[in-house]
Structures are given as C-alpha cells and as structure tokens.
Amino acid sequence: MAQKPKSTRATAPRLGKQLKRSFFDRSVHEVAPDLIGTTFLVNGVGGIIVEVEAYHQGEPAAHSYRGPTPRNQVMFGPPGFSYVYRSYGIHWCVNFVCEGAGTASAVLIRALEPTHGIAAMARRRGLDDVRALCSGPGKLCEALGITIAESELALDRPPLALYARAETPDIVTGVRIGITKAVELPWRYGVKGSKFLSKPFAR
DNA sequence: ATCGCGATTGTCT
DNA sequence: GACAATCGCGATT
C-alpha cells in the first residue's frame with residue numbers, strides 16, 4: 001500500500017529574515033495580507049500565520065472605535081507592538097498594532113500552522129492533534145503561552161519574533177468571524193486550502 | 001456537518 | 001447590568 005503523505009513537516013522549516021517593527025508602519029489593509037505566510041514565534045515556539053483579520057478605528061467592530069481606554073491604549077500608540085485582550089472572560093487573543101498617527105488599527109492573529117516547539121504547544125493545550133493546536137485566536141495564545149503579560153511588547157524583540165515568508169501563498173479573503181457589528185467587511189485573510197484555519201473560507 | 005449551550009471576567013454604558 | 005474579535009462538548013440532522 002502506498003503511504004499517504006504526512007500533513008505536517010518532519011522538521012521545522014528554516015526561518016527567513018526577521019521582520020522589523022517598521023513592517024507595521026503601513027495601512028492595516030496592506031499589513032494583514034502580508035502577514036499571511038510569515039512565522040510568529042514566542043520564545044521560539046509557534047508557526048506560520050495562516051489566518052488573520054484587520055480591525056480599524058473607523059469601523060464599529062474595532063476595540064478602538066469609541067476612542068482610547070486603558071484596555072485599548074496600545075492601539076493608539078506606535079505600530080509594531082502587541083495588543084492582547086481577554087475574550088469572553090476566558091481566552092486571550094493577540095493583535096499586531098499597525099500604522100502610526102492615531103488610526104488605531106490592528107491585525108488579529110487567528111490561526112497558525114504549528115512548526116516550532118510542537119511538543120511544548122501540545123503540552124500547554126493538553127492535545128495531541130497538531131491541526132487543533134493553533135486553529136483559533138484563543139487556541140494559539142494558549143499554545144504559545146501568550147497572556148496579558150505579553151501585551152504592549154515590541155514585535156521585533158524577545159520574547160516575540162516574526163520571520164519573512166519563503167514563498168507567497170495563495171491568499172483568500174472573507175468576512176470576519178465572531179463579531180456582530182460591521183459583519184459585511186471582507187477583512188479576513190487566509191492561506192487558500194490550509195488545514196490549520198479556525199474555519200474554512202466560503203467558496 | 002451544523003447547532004446550542006455553558007464557562008467566566010474585564011470593560012463600558 | 002449587559003455584553004463580548006471564543007472554545008469544547010454533546011445532541012441532532
């Protein structure tokens with residue numbers, strides 16, 4: 001019998017060039033698709049970003065929509081920093097702040113393809129299934145050990161790091177998930193056909 | 001495959 | 001006091 005190809009790599013792929021904070025000093029609508037295919041690590045643990053969503057101050061689903069508060073203040077600061085918030089009282093979710101000059105925009109990281117430190121992620125998640133380790137914004141924060149302690153940190157300094165993609169993946173777009181306002185905006189981006197998404201993209 | 005539900009707490013009205 | 005950028009589980013189609 002022919003062996004079916006494995007869905008995960010035997011070894012972690014080689015990392016590309018590390019991204020600087022200035023990568024984020026652009027429109028969130030440019031940064032969000034550009035993040036697809038990059039590798040995000042926390043203390044050396046993480047994987048390839050396969051799904052993100054863009055949020056912008058001018059749109060009511062964004063935490064920054066009603067202006068600065070103690071929680072969202074980092075969104076009003078310089079680009080290239082993390083913004084971590086608690087979701088439904090239980091989960092943590094991580095964003096990357098974009099653009100300077102008060103646009104208060106950020107990219108929510110929604111799913112990773114695990115590549116580095118899979119054993120550590122499996123231990124934190126209490127799971128064996130690689131496909132389920134990082135297939136959602138709350139899941140990936142648990143897998144990478146992200147809490148409020150990792151909020152407002154520079155994205156190009158330890159413990160955080162981002163690495164350029166090797167190849168440009170086929171990127172698909174869709175409406176954002178789990179929100180009740182501005183539901184029609186097609187600001188969700190993902191790797192076409194990836195098995196590591198939080199939810200498939202409509203087709 | 002899809003649906004409904006409970007968990008749990010910071011944040012804002 | 002209402003609600004939320006979620007998840008995992010169990011029931012049902």
Side-chain angles (χ1 to χ4, degrees), chain A residues 24 27-29 31-33 35-36 40 42 46-47 49-77 79 81-99 103-114 121-153 155 160 172-191 193-203:
Chain A
F24 296 93
S27 161
V28 71
H29 303 300
V31 174
L35 279 169
I36 298 296
F40 176 45
V42 179
I49 296 176
V50 296
E51 180 186 340
V52 301
E53 286 174 358
Y55 288 86
H56 187 280
Q57 183 175 14
E59 154 266 311
H63 287 177
S64 54
Y65 182 62
R66 292 162 198 281
T69 68
R71 174 177 72 153
N72 67 21
Q73 56 156 334
V74 67
M75 287 185 73
F76 291 84
F81 286 79
S82 60
Y83 164 47
V84 179
Y85 69 93
R86 178 124 27 204
S87 177
Y88 291 89
I90 300 171
H91 311 287
W92 300 105
C93 297
V94 64
N95 294 255
F96 299 161
V97 175
C98 293
E99 296 185 90
T103 57
S105 61
V107 179
L108 172 67
I109 310 304
R110 288 195 54 91
L112 308 179
E113 174 179 342
M121 292 191 276
R123 185 176 344 108
R124 288 176 179 141
R125 294 271 295 122
L127 282 178
D128 202 18
D129 179 8
V130 177
R131 278 209 210 185
L133 288 182
C134 297
S135 56
K139 297 179 187 181
L140 75 89
C141 282
E142 183 172 48
L144 274 57
I146 294 172
T147 71
I148 195 67
E150 281 67 44
S151 195
E152 309 191 21
L153 300 182
L155 295 170
L160 307 182
V172 289
T173 65
V175 296
R176 298 175 296 182
I177 293 179
I179 56 172
T180 55
K181 296 164 233 163
V183 295
E184 72 287 353
L185 295 177
W187 290 359
R188 178 180 178 225
Y189 301 87
V191 174
S194 171
K195 304 178 212 48
F196 301 92
L197 301 172
S198 68
K199 258 183 69 174
F201 283 77
R203 38 160 301 172

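Side chains included, hydrogens not; waters and symmetry mates left out as well; all remaining heavy atoms used.
The phosphate of C:dC3 has neither OP1 nor OP2 within less than 4.0 Å of any side-chain N or O from A:Thr180. The shortest distance between the side-chain N/O atoms of A:Ser87 and the OP1/OP2 oxygens of C:dA5 is not below 4.0 Å. Phosphate contact (OP1/OP2 of C:dA5, side-chain N/O of A:His63, threshold under 4.0 Å): present. A sub-4.0 Å separation between OP1 or OP2 of C:dT6 and a side-chain N or O of A:Arg110 is present. Side-chain N/O atoms of A:Lys139 include one lying less than 4.0 angstrom from OP1 or OP2 on C:dG8.
Going from atom CD1 of A:Ile146 over to atom SG of A:Cys141 covers 4.0 Å, rounded to the nearest 0.5 Å. A distance of 8.5 Å separates CD in A:Glu142 from NE2 in A:His91, rounded to the nearest 0.5 Å. For the atom pair A:Leu133 CG and A:Arg123 CZ, the distance stands at 12.0 Å (nearest 0.5 Å). Interatomic distance, A:Thr69 OG1 to A:His63 NE2, rounded to the nearest 0.5 Å: 9.5 Å.
Here A:Ser198 lies out of heavy-atom contact (under 4.0 Å) with every strand. As judged by a 4.0 angstrom heavy-atom cut-off over every strand, A:Arg71 is placed among residues touching the sugar-phosphate backbone only. At the heavy-atom level, A:Arg125 lies under 4.0 Å from the strands shown only through sugar-phosphate atoms.
One interatomic measurement links the two molecules: CZ of A:Arg176 to P of C:dT6, which rounds to 11 Å at whole-angstrom precision. Atom P of nucleotide C:dC7 and atom CG of A:Leu197 are separated by 13 Å, given to the nearest angstrom. The interatomic distance linking A:Leu140 (CG) with C:dA5 (C1') rounds to 12 Å, in whole Å. Atom pair A:Gln73:CD and B:dG10:P shows a separation of 17 Å (rounding to whole Å applied). When rounded to the nearest whole Å, the span between OH of A:Tyr85 and P of B:dC12 equals 14 Å. Following rounding to the nearest Å, A:Ile148 (CD1) and B:dG10 (P) show an atom-to-atom distance of 10 Å. Atom-to-atom, CG of A:Asp129 to P of C:dC9 comes out at 12 Å; the value is rounded to the nearest Å. When the P atom of C:dA5 is taken as reference, atom CD of A:Glu51 falls 16 Å away, rounded to whole Å.
Using a 30° and 60° split on the angle between ring planes, A:His29 and A:His56 fall in the parallel class, below 30°.
Pairing for B:dC12 is with C:dG1, a Watson-Crick or G-U wobble pair whose two hydrogen-bonding atom distances lie under 3.5 Å.
B:dT13 and C:dA5: their P atoms are spaced 14 Å apart (whole Å).
Side-chain to base pairing of A:Tyr88 with B:dA7: no donor and acceptor N or O lie closer than 3.5 Å to each other.
Checking side-chain atoms of A:Glu53 against main-chain N and O of A:Arg110 turns up no donor-acceptor pair under 3.5 Å.
Checked against C:dG8, C:dA5, B:dT8, the side chain of A:Tyr83 finds its nearest nucleotide in C:dA5. Side-chain proximity of A:Ile90 to C:dT6, B:dT8, B:dT13: nearest is B:dT8.
Residue whose closest nucleotide on DNA chain C sits further toward the 5' end, between A:Gly178 and A:Leu127: A:Gly178.
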